[in-house]
Chemist: 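Have a look at this one.
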Protein chains: 2
Amino acid sequence: MTAAANQSGRRPTTTSRRLERAGIRDVAAAAGVSITTVSDALNGKGRLPDETRSRVREVAERLGYRPSAAARTLRTGRSGLIGLTVTTYGEEPFTFTEFAYFAEMARAATSAALGRGYALVVLPASSRHDVWSNVALDGTVVIDPADQDPLVSELYRSGVPVVSDGKPGNCPVTAWVDNDHEAAVLGILEHLSEAGARRIGLLTGTSTDTYTRLSTEAYLGWCTRVGQEPVYEAYPAHDPAAGAVAADRLLARPDRPDAVYGLFDPNGTDLLAAARRYGLRVPDDLLLVCCSESDVYAGTEPPITTLSLKPRRIGTTVVNLLIDAIEGVDSGAGLTPDTPTAGARLFPPRYRTAGTGPPPGTLMPTELIVRASSQRRSPRTTVSPPRAPGEV
Amino acid sequence: MTAAANQSGRRPTTTSRRLERAGIRDVAAAAGVSITTVSDALNGKGRLPDETRSRVREVAERLGYRPSAAARTLRTGRSGLIGLTVTTYGEEPFTFTEFAYFAEMARAATSAALGRGYALVVLPASSRHDVWSNVALDGTVVIDPADQDPLVSELYRSGVPVVSDGKPGNCPVTAWVDNDHEAAVLGILEHLSEAGARRIGLLTGTSTDTYTRLSTEAYLGWCTRVGQEPVYEAYPAHDPAAGAVAADRLLARPDRPDAVYGLFDPNGTDLLAAARRYGLRVPDDLLLVCCSESDVYAGTEPPITTLSLKPRRIGTTVVNLLIDAIEGVDSGAGLTPDTPTAGARLFPPRYRTAGTGPPPGTLMPTELIVRASSQRRSPRTTVSPPRAPGEV
DNA sequence: CGGTCGTGAAGAAACGGTTCTGCCGAGCCG
DNA sequence: CGGCTCGGCAGAACCGTTTCTTCACGACCG
């Protein structure tokens, strides 16, 4: 009885094994070859006649064989997984202001990764090692890394390629991609000037991330260059309610601006509401531009000019750079001087393994979507723009 | 010569191993214990005195030891990864209309998973096996599964727990969560009736997913019950441009409704724009409600009443159900045929491994956020609502 | 005083693939 | 005719954990 129970319960000979799942050994046995042959046949390696190859494939298909991802990863050192690291505010991944940007960027990144055979794992930077070390990553994308992100440093040090969205402060990365924020801000200021703005204000954030810093600096620099007194209000951008208050403050100032650029997505509606409260007409009394990926600004009254950071392009580029780094260099020592086999030319082989020196960065252009809020129907005074003689 | 080459070529003694990364053996050697002890000490298993435990931990820390996720997964059969499967339209994961919903839901799901030590892998359903079989999943969440999704079926058959967001059509799942769409629609219709609507129209979709189907059926059922002729327009919801056209069509009909419910996120702005074109004032001439997670409708002119599906709650619930299933049952073996729970119940019951019978479903409530667009400032005719004598 | 129990720890077998090495036979060239 | 190469395939090591089993040893109890 005990023996019987034992026998049927523990190891019903080969029966239970069959039931569980088909392994490579089962396929080999069924096809009458060795497991080496099965592996080679399925992976297109080795030297096998086509007949053997197709027969093995067919048997594998019939048995519903699925190779174990874990075993493959263990042996080859490649998991096919790349991380998508987002900063967290409080408990939740990514902030409200980044919402649309993040969603678009993640969408494109997922798509790009999948197109090259990788899957994306979403990993907030705040999660502790128990999660991080539990997943084998071939590399990771970091969105807007903190200045001295310990996580990024550790990953980089242990040989995991890291590509950041947003120019990194002090942490080492394999490569980075960012918008040309300075050019973007200058372009907007110029655009507003051409539309007749005399005093341009800025709605900015108090946090120290690269985007906020670079944009604000560009604004301040422009102010000193053209001789305008800076008019700006800063608020904690991750607080959804604070934006409306800051917008109100900005328009309540004695030196009220006649044009405003808001750095964050909700600023457009906030500024519009504030303008309404003060009886300011847009664009007649106040020109408005904000940075946003949302298309609601096409339908507001009036439609608001927005700056798009083109997150889709960013996401795609970041992922492609990362995968290039993963595939271009064998983790650790191996430099690959020779291009071994053809077939890897689907993508422009532009990427190079940087030896030393600063990590390679790529600046991506932004796009200004001009709508009614930044165009005076009838230019009132036609103030001469500070600089731009060539174009209207 | 062969022997010499073999000996020196294969194993450069311990040097290279040290350089690469610290393994469990290195920790064991450094701590003067066996690898068993290291494993037990680090994982809190076995019977070890606290002194040994802490010493091993300290050594591991000093060496910067990180256990190999792949090896652990291979041995334990658990990867700590759960899939987040989204349907794809064209090349890209998740559609525009689902944007806000998906982002919120994914956010909550990521958070919930992380809180229980799991990470999320985003896996569009369209990607072929090369990606799917390359990642070891402990289970997966499926958003709005297709009626006979082959992927879901295969996963389920191979013993991977599957929990769906959206009541599944014909594919077997471990459990599912959905909103009570019928109750939601009826609630809105009642709300509009109470606000004085005489003829309520619907803006719906042409696709056959559960949400669209259930909502439309609820509307049609209500119409026959209260004796109103159905007034609705359907359009392909995944086409961003088609919504505006459909909204226009709906308001251009000879039997123009005096209240409209739009099933999809952009319908609110579309309907508002259409109303403006026809000179209809909202809410005086037209009552408006749409289903949306976006808070832009708090700032439109006028603010629009929205139905929130509470994606955060859904995401959290789905993930928790999935992890319960993963941890509650050892993959494959244990069937628990007792009490095959039937049908759907409101709110998370304790999870049970369904032996046979329908998978356990949970219906989650929605929330109607009432704003100006569905409330007449001065009730014009006060038509008696069809059914609701008790309240207001 | 001998057996049993409990404690602490080591040894070794998996886990399921990939891949290095080597064997065997057949052609080919000298 | 013999060595050499090359195609076709099998054997076995290996990846780095977890975990099952075993073992030593001191204390306690009968």
Side-chain angles (χ1 to χ4, degrees), chain A residues 6 10-11 16-18 20-29 31-56 60 63 65-80 133-136 158 330-332, chain B residues 2-3 5-7 9-11 16-18 20-29 31-56 60 63 65-80 133-136 330-332:
Chain A
N6 193 348
R10 298 304 312 149
R11 276 271 161 195
S16 88
R17 172 165 291 194
R18 289 280 151 75
E20 308 253 336
R21 210 154 290 136
I24 196 175
R25 283 159 239 271
D26 302 310
V27 177
V33 294
S34 76
I35 60 171
T36 306
T37 304
V38 174
S39 179
D40 284 347
L42 262 36
N43 295 334
K45 301 196 169 178
R47 315 165 298 192
L48 301 178
D50 287 347
E51 191 271 331
T52 305
R53 225 175 266 279
S54 58
R55 182 164 46 92
V56 169
L63 295 187
Y65 169 66
R66 297 273 172 268
S68 149
R72 172 178 309 197
T73 299
L74 178 59
R75 186 67 236 254
T76 63
R78 292 268 247 275
S79 66
S133 60
N134 249 343
V135 39
S158 65
D330 265 0
S331 61
Chain B
T2 339
N6 192 345
Q7 192 148 335
R10 294 310 310 146
R11 283 262 157 200
S16 85
R17 171 166 291 195
R18 289 280 151 77
E20 307 256 336
R21 209 155 292 138
I24 196 173
R25 282 161 244 272
D26 301 310
V27 177
V33 296
S34 76
I35 60 170
T36 307
T37 304
V38 174
S39 178
D40 284 348
L42 262 37
N43 295 334
K45 301 195 170 181
R47 311 166 302 190
L48 300 178
D50 287 347
E51 190 271 331
T52 304
R53 224 176 267 279
S54 58
R55 183 164 46 93
V56 170
L63 295 187
Y65 168 67
R66 298 271 171 268
S68 149
R72 170 175 307 185
T73 300
L74 177 58
R75 185 66 239 254
T76 63
R78 293 269 248 274
S79 66
S133 61
N134 249 343
V135 38
D330 264 1
S331 61

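Heavy-atom basis, side chains included; hydrogens, waters and symmetry copies ignored. Residue numbers start from 1 in every chain, and the chains themselves are labelled A, B, ... in the order their sequence lines are given, proteins ahead of strands.
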Chemist: Do Arg72(A) and Asn134(B) make a side-chain contact, defined as non-hydrogen atoms from C-beta onward lying under 4.5 Å apart?
Modeler: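 Yes, close enough: below the 4.5 Å cut-off.
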Chemist: How close or far is atom P of dG16(C) from atom CZ of Arg78(A), stated in whole angstroms?
Modeler: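 Taking atom P of dG16(C) as the reference, CZ of Arg78(A) is at 24 Å.
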Chemist: Is any side-chain nitrogen or oxygen of Ser68(A) closer than 4.0 Å to OP1 or OP2 of dG17(C)?
Modeler: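 The answer is no; no side-chain N or O of Ser68(A) sits under 4.0 Å from OP1 or OP2.
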Chemist: Any side-chain N or O of Lys45(B) less than 4.0 Å from the OP1 or OP2 oxygen of dT18(D)?
Modeler: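 Checking Lys45(B) against dT18(D): no side-chain N or O falls below 4.0 Å of OP1 or OP2.
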Chemist: Just to confirm, is there a sub-4.0 Å distance from OP1 or OP2 of dA10(C) to any side-chain nitrogen or oxygen of Ser34(B)?
Modeler: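 Looking at the OP1 and OP2 atoms of dA10(C), one of them is under 4.0 Å from a side-chain N or O of Ser34(B).
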Chemist: Please report the distance, rounded to the nearest Å, between CD1 in Ile24(B) and P in dT17(D).
Modeler: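 Rounded to whole Å, this separation is 6 Å.
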Chemist: Using OP1 and OP2 only, check whether a side-chain N or O of Ser39(B) sits under 4.0 Å from dT19(D).
Modeler: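 Indeed not, no polar side-chain atom of Ser39(B) lies that close.
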Chemist: List the atom of Ala69(B), the atom of Ser133(A), and the distance in Å for their closest heavy-atom pair.
Modeler: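 Residues Ala69(B) and Ser133(A), closest heavy atoms: CB-O, 3.7 Å.
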Chemist: Hey, which of these two, Arg72(B) or Val33(A), hits DNA chain D nearer its 5' end, going by closest nucleotide?
Modeler: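 Of the two residues, Val33(A) wins.
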Chemist: Test your reading of the model: is there a side-chain donor-acceptor pair from Thr52(A) to the backbone of Leu48(A), 3.5 Å cut-off?
Modeler: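 No.
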Chemist: Would you find a donor on one side and an acceptor on the other, under 3.5 Å apart, between the side chain of Arg66(B) and the backbone of Ala22(B)?
Modeler: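 Here the side-chain-to-backbone pair does not exist.
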Chemist: Between the protein and nucleotides 24-26 of chain C, are there any N/O to N/O pairs under 3.5 Å, and if so, what are the atom names and distances?
Modeler:
none

Chemist: Does any donor-acceptor pair link the side chain of Arg75(A) with the base of dT18(C) at a separation under 3.5 Å?
Modeler: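 Such a pair exists between side chain and base.
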Chemist: Could you pick out which residue, Leu74(B) or Asp40(B), lies toward the 5' side of DNA chain D when each is mapped onto its nearest nucleotide?
Modeler: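 That would be Leu74(B).
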Chemist: Which pair of heavy atoms, one from Ser34(B) and one from Ala28(B), lies closest together, and at what distance?
Modeler: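 That closest heavy-atom pairing would be C-CB, 3.7 Å.
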Chemist: Taking for each residue the nucleotide of DNA chain C bearing the nearest heavy atom, is the 5' side occupied by Ala71(B) or by Ile35(A)?
Modeler: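 It is Ala71(B), whose closest nucleotide lies nearer the 5' terminus.
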Chemist: Rounded to whole angstrom units, what separation is found between the CZ atom of Arg55(B) and the P atom of dG8(C)?
Modeler: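 Roughly 13 Å, once rounded to whole Å.
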Chemist: Could you tell me if the side chain of Asp26(B) sits less than 4.5 Å from the side chain of Tyr65(B), heavy atoms only?
Modeler: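 Contact flag for Tyr65(B)/Asp26(B) side chains = no.
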Chemist: On a plain distance test, is the side chain of Thr36(A) in donor-acceptor contact with the base of dG11(D) below 3.5 Å?
Modeler: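 Per atom types, the contact qualifies.
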Chemist: Would you jot down, in residue-number order, the residues of residues 46-54 of chain A having a non-hydrogen atom under 4.0 Å from DNA chain C?
Modeler: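 Contacting residues: none.
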Chemist: With a 4.5 Å limit on heavy-atom distance, are the side chains of Ser39(A) and Thr36(A) in contact?
Modeler: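 The answer is no; the side chains never approach within 4.5 Å.
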Chemist: Which atom names give the shortest non-hydrogen contact between Ala136(B) and Ser79(B), and what distance separates them?
Modeler: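 In this case the closest contact between Ala136(B) and Ser79(B) is O-OG, 2.6 Å.
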Chemist: Between the base of dG17(C) and the side chain of Arg25(A), is there a donor and acceptor pair under 3.5 angstrom?
Modeler: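 Answer is yes: a donor-acceptor pair is held.
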Chemist: Got Arg55(B) and Val33(B) here, is their nearest side-chain heavy-atom distance under 4.5 Å?
Modeler: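 Yes. Closest side-chain heavy atoms under 4.5 Å.
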